[in-house]
Protein chains: 2
Amino acid sequence: MDAMAQLTFTVHGALARIAATNDLSIIQIRLLGLLRDRRPTITELAALLQLDKSSVTGLVDRAQERGLVQRTASRVDGRSVHVSITPVGREVIDAGSAAFEGEIAVLVADLTIPQRTRLAAIATHIVAADAQRRGIDILNAEPSPPESSTPVRR
Amino acid sequence: MDAMAQLTFTVHGALARIAATNDLSIIQIRLLGLLRDRRPTITELAALLQLDKSSVTGLVDRAQERGLVQRTASRVDGRSVHVSITPVGREVIDAGSAAFEGEIAVLVADLTIPQRTRLAAIATHIVAADAQRRGIDILNAEPSPPESSTPVRR
DNA sequence: TATTGTTATACTCTATAACTATA
DNA sequence: TATAGTTATAGAGTATAACAATA
């Protein structure tokens, strides 16, 4: 359905604009959004973002250089690192989320309240079904695995 | 609204998968989709895709190298070139569109018919309103401006 | 002078393959 | 041997600034 594709480009464009305002890319926004309630390993992040782990290494590198996230050594597996958001990163994602809400509000300004409610319900349904289909839990955080409190340098 | 963002990522991911199947990127799909019923100049393409014109130069370069599009000199303005889709490019975009419809069908499989109808209506509405807001006509092709029939080499 | 398109350059994002350290 | 993560490398996509050709 062409309308779906066009809608995606429209919303994606809105997201990109607000991300750019905060000097971020969409993937960086997604990364910070995921880290709001998780401390995943690189491999887990790769699964969540559907990226190769080497791509995640670079992604986290750039976010870390900007002080948005940090790496922490796992206490149970010497090979793993956990990625977590910093206070600065949390400020950035909160500001970005607020700006995005404003953009979405403009997009749906012409819709009636029932239309918005239906749209949200349908969107949630589609996302949940797709996540289940590909075996990824994008809605709930996992219990935090043991990890040390000392950052990893890189 | 978080559901909208998640929906965008989900649909975007579906689009990217089917694009990759045909060895294309999303932006190349968008380019070919636009060219189905237009022969825009580089500057017009930049406005339609919301990209800098130098980005469009590279985009068209890569599509042209693969025989998907071609450049044609304008007859009224010696500075302009018109970009048009080739028969091969049309085959590719048609195949891609069909595959994408299949992916969307999977995504909306769980929805009732009325839900799908509402979703399409809402999506169309949002896209049209946003296009109007930014002064771009993404729905209708412009009258083809005069141009020569001899391709430009680059 | 202004506009159209390209070039030069730099950066982000992404993947594949090879590597290391740990399990 | 297998897994977690990084590095090396290559390529697409993007923007800014400077440029040539044309208007």
Side-chain angles (χ1 to χ4, degrees), chain A residues 9 12-13 15-17 19-32 39-66 68-83 145 147-148 152-154, chain B residues 9 12-13 15-17 19-32 40-47 49-66 68-83 145-148 151-154:
Chain A
F9 300 148
H12 208 261
L15 263 174
R17 269 196 307 282
T21 298
N22 295 62
D23 219 55
L24 290 174
S25 65
I26 286 186
I27 188 65
Q28 293 281 349
I29 290 274
R30 289 186 67 191
L31 171 65
L32 295 182
R39 303 166 78 79
T41 65
I42 297 288
T43 298
E44 287 166 350
L45 270 178
L48 288 164
L49 295 170
Q50 301 272 284
L51 293 175
D52 188 86
K53 54 186 176 156
S54 68
S55 303
V56 175
T57 290
L59 200 61
V60 171
D61 279 353
R62 292 185 291 274
Q64 189 167 11
E65 280 164 17
R66 300 174 57 176
L68 305 176
V69 307
Q70 63 181 13
R71 285 175 166 91
T72 313
S74 169
R75 279 190 172 127
V76 293
D77 190 331
R79 301 167 300 179
S80 295
V81 299
H82 290 271
V83 182
E147 60 191 276
S148 85
V152 167
R153 194 156 25 279
R154 280 237 39 197
Chain B
F9 300 146
H12 208 261
L15 263 174
R17 269 196 306 282
T21 298
N22 295 61
D23 219 56
L24 290 174
S25 64
I26 286 186
I27 188 65
Q28 293 282 349
I29 291 272
R30 290 186 66 190
L31 171 65
L32 295 181
T41 64
I42 298 287
T43 298
E44 287 165 350
L45 270 179
L49 295 170
Q50 301 272 282
L51 293 175
D52 188 86
K53 54 188 175 153
S54 67
S55 304
V56 174
T57 292
L59 200 62
V60 171
D61 280 353
R62 291 185 292 273
Q64 189 168 10
E65 280 164 18
R66 300 174 57 176
L68 305 175
V69 307
Q70 63 181 11
R71 284 175 166 91
T72 313
S74 169
R75 277 190 172 124
V76 293
D77 190 331
R79 301 168 300 179
S80 294
V81 299
H82 290 270
V83 182
E147 60 191 277
S148 86
V152 168
R153 193 154 27 278
R154 279 239 37 198

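Every value quoted in this text rests on a predicted model; they were computed, and no experiment measured them. Chain letters run A, B, ... following the sequence lines, proteins first and then strands; every chain starts at 1.
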| Taking all atoms of both residues into account, what is the closest heavy-atom pair of B:I26 and B:A19, and its distance? | N-CB, 4.3 Å

| field | Test side chain to side chain donor-acceptor pair (under 3.5 Å) applied to A:S54 - qualifying residues, sequence neighbours left out | value | A:D52

| field | C:dT4 phosphate, OP1 or OP2, under 4.0 Å from B:R71 side-chain N/O | value | no

| note | Minimal heavy-atom distance between B:Q64 and B:Q70, with the atoms involved, is NE2-CA, 4.2 Å

| OP1 or OP2 of D:dG5 less than 4.0 angstrom from a side-chain nitrogen or oxygen of A:T43, does that happen here? | yes

| note | Note: B:A73 and B:V152 closest approach over all heavy atoms is N-CG2, 3.3 Å

| field | Stepwise side-chain contact (heavy atoms from CB on, under 4.5 Å) check, B:D61 with B:T57 | value | CA-CA 6 Å; B:D61 280 353; B:T57 292; 3.9 Å; yes

| note | By nearest-heavy-atom nucleotide on DNA chain C, the more 5' of B:K53 and A:D52 is B:K53

| query | Expressed in angstrom and rounded to an integer, what is the separation of A:Q64 atom CD from C:dT12 atom P? | reply | 15 Å

| query | Is there a side-chain contact between A:R66 and A:L24, using heavy atoms and a 4.5 Å cut-off? | reply | yes

| said: Strictly below 4.0 Å: does B:S54 bring a side-chain N or O up to OP1 or OP2 of C:dG5? | reply: no

| remark: Tightest non-hydrogen contact, residues A:R39 and A:T72, listed as NH2-OG1, 4.4 Å

| query | A:S74 side chain N/O closer than 4.0 Å to the phosphate oxygens (OP1, OP2) of D:dA4? | reply | no

Provide a list of protein-nucleic acid N or O atom pairs under 3.5 angstrom, restricted to nucleotides 21-23 of chain C.
unit_1 : atom_1 : unit_2 : atom_2 : d
C:dA23 : OP1    : A:G78  : N      : 2.7

| message | What is the separation between atom CG on A:D61 and atom C1' on D:dT6, rounded to the nearest whole Å? | response | 9 Å

| query | Taking CG from A:D23 and P from C:dC13, how many angstroms apart are they, rounded to a whole number? | reply | 11 Å

Protein N or O to nucleotides 9-13 of chain D N or O, pairs below 3.5 Å:
unit_1 : atom_1 : unit_2 : atom_2 : d
D:dG13 : OP1    : B:S25  : OG     : 2.1
D:dG13 : OP2    : B:Q28  : NE2    : 3.2
D:dG13 : OP2    : B:R62  : NE     : 2.6
D:dG13 : OP2    : B:R62  : NH2    : 3.2

| task | Take atom CG of A:L68 and atom P of C:dT12, then tell me their distance rounded to the nearest Å. | result | 13 Å

| task | Measure from the side-chain N and O atoms of B:E44 to the backbone N and O of B:T41, and report whether any donor-acceptor pair falls under 3.5 Å. | result | yes

| Given atom CD of A:Q50 and atom P of C:dC13, what is their separation to the nearest angstrom? | 18 Å

| request: Name the nucleic acid region contacted by A:V56, choosing base, sugar-phosphate or nothing; use a 4.0 angstrom heavy-atom cut-off, strictly under. | output: nothing

| query | Which atom names give the shortest non-hydrogen contact between A:L48 and A:R30, and what distance separates them? | reply | O-NH2, 4.2 Å

| Taking atom P of D:dA15 as reference, at what distance in whole Å does atom CZ of A:R17 sit? | 13 Å

